[in-house]
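Below is one structure; the comments refer to it alone.
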Amino acid sequence: MSREEQQENKSLGLELEKIIFIGRTYEEYMSMFNLTAEDLHARSILDCPGGACSFSSHARRHGADSMAADIAYEHEIDQLELKGQLDIEHTIEQLEQVRDRYKWDYFGSIDGLKQARMSALRDCTADMRSYPMQYVYAELPVLPFTDDQFDMTLSAHFMFTYADRLDFTFHERTILELLRVTRQELRIFPTVDLSGNRYEHMDKIMSFLKNLGFSVTEVSTTYEFQHGAHTMLKITKPES
């Protein structure tokens with residue numbers, strides 16, 4: 001690849017070293033979003049941002065037409081797999097210092113968490129190799145999909161999680177874009193930031209969406225790893 005081509009590729013998205021490639025397991029997703037296997041069958045589902053999550057691969061085995069979108073997917077799978085392994089190691093080291101901020105009944109231990117993260121990474125990268133067209137490069141708040149392309153969209157550990165880095169306008173634009181490509185409902189988990197505080201503009205964003213005709217509710221889930229992170233925002237589009 002020429003220097004010009006390399007520069008052009010970098011301009012399309014973030015350089016790999018600036019991306020954290022870590023994901024949750026299918027089982028975590030099912031708990032985070034209050035889903036059952038029946039909810040997945042014969043439905044088209046988008047995971048955005050998908051990262052190194054294994055949800056899409058497992059959902060397909062349960063009859064879903066599943067797809068993931070993420071800024072990381074512009075990079076080669078081998079690079080992402082190695083980056084994911086390094087990111088997991090680094091994250092585990094960091095968590096050792098702040099483990100009291102988390103509940104450990106789900107994973108049992110730091111090692112249990114590491115095994116779950118590695119399992120998600122293995123499943124995700126294996127599925128990317130088998131179904132590369134199901135993993136689409138996208139940089140929010142813009143998605144390369146048609147209106148109402150998916151029955152359901154899931155968005156985990158991004159929107160409100162990084163409220164300190166993403167302003168209200170970004171949240172507003174991104175949620176509207178996720179809803180644009182969604183026919184039925186959008187679920188966002190969690191509704192708190194990295195400090196465990198409820199998103200400070202949650203009431204404002206909920207009122208904004210309700211005024212546009214959407215049904216919006218905060219729903220408790222059965223999943224809680226980070227203390228306080230156990231609710232999702234469920235946004236349902238009106239039937240046309």
Side-chain angles (χ1 to χ4, degrees), residues 14 18-35 45-53 55-56 68-72 87 91 94-95 98 100-103 106 113 117 120 138-143 150 152-182 184-237:
L14 290 176
K18 296 181 181 178
I19 292 171
I20 298 176
F21 197 62
I22 289 180
R24 276 75 184 176
T25 63
Y26 166 82
E27 291 77 14
E28 287 179 85
Y29 260 57
M30 297 300 281
S31 183
M32 286 190 297
F33 292 111
N34 287 352
L35 294 169
I45 303 174
L46 174 65
D47 179 14
C48 180
C53 296
F55 172 79
S56 190
D70 197 287
I71 193 172
D87 286 344
T91 298
Q94 297 297 312
L95 278 176
V98 293
D100 60 329
R101 298 181 187 176
Y102 299 87
K103 296 182 66 174
Y106 187 92
L113 171 66
R117 294 290 172 266
E139 186 170 356
L140 292 169
V142 178
L143 293 172
F150 305 96
M152 176 189 294
T153 295
L154 307 175
S155 187
H157 294 97
F158 175 64
M159 291 295 297
F160 308 129
T161 301
Y162 298 104
D164 60 328
R165 307 172 208 178
L166 307 171
D167 62 19
F168 179 81
T169 298
F170 179 88
H171 280 84
E172 185 179 81
R173 290 182 60 195
T174 299
I175 290 174
L176 288 178
E177 179 69 349
L178 291 169
L179 286 166
R180 179 186 67 78
V181 305
T182 306
Q184 296 174 340
E185 62 181 80
L186 165 64
R187 302 185 185 190
I188 303 172
F189 180 93
T191 60
V192 300
D193 60 23
L194 286 172
S195 298
N197 298 314
R198 183 174 182 262
Y199 175 52
E200 63 175 331
H201 301 302
M202 184 61 72
D203 293 334
K204 181 179 178 182
I205 199 75
M206 290 178 71
S207 294
F208 169 74
L209 293 168
K210 287 176 180 178
N211 287 337
L212 292 177
F214 300 106
S215 173
V216 190
T217 54
E218 285 182 84
V219 183
S220 293
T221 74
T222 59
Y223 183 89
E224 184 178 5
F225 176 44
Q226 175 194 352
H227 281 299
H230 55 77
T231 55
M232 69 169 172
L233 191 68
K234 183 178 179 181
I235 307 167
T236 305
K237 298 181 79 170

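The chain is numbered in sequence order, starting from 1. Note that the structure is a prediction, hence the values are computed from the model and not measured.
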So, [X] side chain and [Y] main chain: donor-acceptor pair closer than 3.5 Å or not?
X: Asp70; Y: Ala52; result: no
X: Arg180; Y: Leu143; result: yes
X: Thr161; Y: Leu194; result: no

Give, for atom [atom1] of [X] and atom [atom2] of [Y], the distance between the pair rounded to the nearest 0.5 Å.
X: Ile235; Y: Leu178; atom1: CD1; atom2: CG; result: 8.5 Å
X: Lys234; Y: Thr217; atom1: NZ; atom2: OG1; result: 6.0 Å
X: Ser215; Y: Met206; atom1: OG; atom2: CE; result: 9.0 Å
X: Met32; Y: Glu224; atom1: CE; atom2: CD; result: 13.5 Å

Heavy-atom check, side chain of [X] versus side chain of [Y], under 4.5 Å:
X: Lys204; Y: Phe208; value: no
X: Met152; Y: Leu35; value: yes
X: Phe160; Y: Pro190; value: no
X: Phe189; Y: Glu28; value: no
X: Phe158; Y: Ile188; value: no
X: Arg117; Y: Asp87; value: no
X: Leu186; Y: Ile175; value: yes

Shortest non-hydrogen contact from [X] to [Y]?
X: Val216; Y: Leu209; value: CG2-CB, 3.6 Å
X: Ser56; Y: Ala68; value: OG-N, 4.2 Å
X: Ser31; Y: Thr221; value: O-CB, 3.5 Å
X: Gly23; Y: Ala120; value: O-CB, 3.6 Å
X: Val142; Y: Ala138; value: O-CB, 4.2 Å
X: Val192; Y: Gly228; value: CG1-O, 3.6 Å

Original post:
What pairs with Tyr29 under ring pair (Phe, Tyr, Trp, His ring centres under 6.0 Å), at least two apart in sequence or on another chain?
Top reply: Phe33, Phe55
Original post:
Can you name the residues that form a ring pair (Phe, Tyr, Trp, His ring centres under 6.0 Å) with Phe225, not counting sequence neighbours?
Top reply: Tyr102, Trp104, Phe107
Subject >> Partners passing salt bridge (Lys or Arg N to Asp or Glu O under 4.0 Å) against Arg187 (at least two apart in sequence or in another chain) >> reply: Glu185
**OP:** Just do the side chain to side chain contact (heavy atoms under 4.5 Å, CB included) check on Thr182 and Leu46 with the steps written out, would you?
**Re:** CA-CA 8 Å; Thr182 306; Leu46 174 65; 5.9 Å; no
Original post:
Is the number of heavy atoms from other residues, nucleotides or ligands under 6.0 Å of Leu176 CG greater than 12?
Top reply: yes
Original post:
Which residues pass the side chain to side chain donor-acceptor pair (under 3.5 Å) test with Gln184, sequence neighbours left out?
Top reply: Arg43
**OP:** Go through the steps for His227 and Lys103 under the test side chain to side chain contact (heavy atoms under 4.5 Å, CB included), then give the verdict.
**Re:** CA-CA 6 Å; His227 281 299; Lys103 296 182 66 174; 3.1 Å; yes
**OP:** Scan residues 162-174 for pairs that pass side chain to side chain donor-acceptor pair (under 3.5 Å), counting only residues two or more places apart or in two chains.
**Re:** none
Original post:
What side chain to side chain donor-acceptor pair (under 3.5 Å) pairs are there with at least one residue in residues 189-202, not counting sequence neighbours?
Top reply: Thr191-Thr231, Arg198-Asp203, Arg198-Glu218
Original post:
Do Tyr223 and Met232 pass the side chain to side chain contact (heavy atoms under 4.5 Å, CB included) test, and can you show the C-alpha distance, the side-chain angles, and the key distance before you say yes or no?
Top reply: CA-CA 10 Å; Tyr223 183 89; Met232 69 169 172; over 6 Å; no
